[in-house]
2 protein chains.
Amino acid sequence: MDIFSTLQEEKARLSPSETRIADILLNDFEFAVNASIIELAEKADVSPPTVTRFCRRVGCESFSDFKVQLARTAYVGMRYLRPEPKSRDPGDVAQDIITKAQNALFLLHRSLDLAAIEQAAEKIAKAEMIYAFGSGGNSSMIASELQNRLFRFGLHVTASSDHGMQLMLAAAAKSTHVIVGSSFSGRNTELVRSFTLARETGVTTIALTQADSLVAKAADIVIPIDLAEGNNIFRPTSTRIAYLAAVDILASLVAYNIPQAAVTLRRIKQQLVAHRDGDDRQLLGD
Amino acid sequence: MDIFSTLQEEKARLSPSETRIADILLNDFEFAVNASIIELAEKADVSPPTVTRFCRRVGCESFSDFKVQLARTAYVGMRYLRPEPKSRDPGDVAQDIITKAQNALFLLHRSLDLAAIEQAAEKIAKAEMIYAFGSGGNSSMIASELQNRLFRFGLHVTASSDHGMQLMLAAAAKSTHVIVGSSFSGRNTELVRSFTLARETGVTTIALTQADSLVAKAADIVIPIDLAEGNNIFRPTSTRIAYLAAVDILASLVAYNIPQAAVTLRRIKQQLVAHRDGDDRQLLGD
DNA sequence: GATCCTTGCAAATTATTTTCGTGATAAGTT
DNA sequence: AACTTATCACGAAAATAATTTGCAAGGATC
């Protein structure tokens, strides 16, 4: 699919010369993407044909195809390999954070289970009542975001970040209701309890969480969001951005499953347009 | 800087042949990025030299440089030109949203005022007390995010989304304090009032908002976040993602301005490691 | 010792760029 | 209005550069 994944997989099987080429890609990417095959060959101390063969090996048609592929994925793929910013210089820090965020989106997109999302969207669109559960700074934000997005389509929805409240809501929920729970860690046992309780009465439970986690196992429908973890505890923003995007996708698909949604949205839009005398229109963005 | 911006700017000045080349880029981008100069020339019904001249015109060294640039920016730049998803198919919707989000990050990165952010970071790092203000679904999230990030460095910080409370806090603030206010629209007049009030007592005010907006004009330091607006009211997620990234950058730079931050973070880390018997470590991610 | 893999050399092929010249258009001149 | 001149766009062909292929040598492995 993308060169960097292939490179990770093939790494062990590469010959010495090919390894030297790979090293240049990883270390001096800017050079690699701008160099001609001759320049690259010289720097890697190999012959041009070896470079061509290397390109074929990582799944490209030709050297120029390789460069295009490289340039295409590099923008988002690089940080995957270089986890720390080069320096404390504001420019480097900014670039590091931006690229990490874009990378998170990239990885999310690649690992997205569209069938699960579509299934979840259909259930949500038909639900008589929706509960959005999430606790902790990150997941509670996701829960309110869900509420924020879904009420606009005329759906009945409430968000809760309180475990006790979640349990009570889950206990009172009916089979026509849907619970959407978010857990970055997948280890929110309180959420698991709510899910288990709700499923006894036939409530549909949807989880936004790590695949195969405790929370995932407790839910009817799982929208898995698996991002490279590691340092993520100290840098949670990129993970959160991925979750936000996932909610955005889910909400958009819900809208397509609701015939009236277009009408409701149009009404909101007209109201906004009618209102916008003093550019008030923008105020609703805050 | 990137081809698509240049193309937008140069569009009017292009000759008929060059316009045909540009059209192919915009309509059949996949072809363009994979084609040789001859194939591209044939499709545009021009001669290869014309293609070379076109590449130079849009700021590239050569045709191959052009293709690399194209491939590089295309990943994020395409949605700029094609604002709607191709279909309602989940895959297309997902791709549309992801690309829009990445595009927002891309544009943020390009328009970032690093000097302002660095200046803001220094002020925040030295402040005796920090107030994070923001109202409405979007900006209030940014305010709590700021609190969430800054308290970890041992800073004194509180977030408020309540206009009345903001006014009172602003009135009581001292010259050693800092107010950070967020307004997506830049037209939050209540926030302007708080800023104005606070500045009377020499409080440093920092705004995350649109450049040249009302809020921007009322603040000491402006971290401008200007994204192509248009449909953004109905698709606020990508703008929010950009704001989140901006906060992330700001917070990281604050950390570098605080000598003890590393110590505090290390202590948190050690606590986490000590705690992680049952992989509890991950729980804090929620 | 046979086989397979890796690699570089040189030739062949292909792609790209430069040079140069033609024709068109626009502006200025008589 | 007709002519001249300048400027520009564009393509043909030549020149150059880059890339690929075929082949053979060297080295590792069985």
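Protein chains get the first letters and strands the later ones, always in sequence-line order, with residue 1 at the start of each.
The aromatic rings of B:F184 and B:Y243 sit parallel, their planes meeting at an angle under 30°, below the 60° perpendicular limit.
Among the heavy atoms of the strands, none lies under 4.0 Å from B:D65. Counting non-hydrogen atoms under 4.0 angstrom, B:V51 reaches nothing in the nucleic acid. Using a 4.0 Å heavy-atom criterion, one finds that A:S62 contacts the sugar-phosphate atoms exclusively.
Remark: the backbone N or O of A:C60 is not paired with any side-chain donor or acceptor of A:D65 at under 3.5 angstrom.
Side-chain N/O atoms of B:R57 include none lying less than 4.0 angstrom from OP1 or OP2 on D:dC8.
With rounding to whole Å, B:I38 atom CD1 is found 14 Å from D:dT19 atom P. Across the protein-nucleic acid pair, B:F54 atom CZ and C:dT17 atom P stand 14 Å apart, rounded to whole Å. As rounded to whole Å, 14 Å separates atom C1' of D:dG11 from atom CD of B:E18. Distance, B:E61 CD to D:dA17 C1': 15 Å, rounded to whole Å. Rounded to a whole Å, the CZ atom of B:R53 is 12 Å from the P atom of C:dT17. A straight line from CG of A:D45 to C1' of C:dG8 spans 12 Å, rounded to a whole angstrom.
Two end axes, each from the C1' atoms of five base pairs, can be drawn for the helix from C:dG1-D:dC30 to C:dT30-D:dA1; they diverge by 10°, to 10 degrees.
Side-chain proximity of A:P49 to the nucleotides C:dA10, D:dG11, C:dT16 is greatest for C:dA10.
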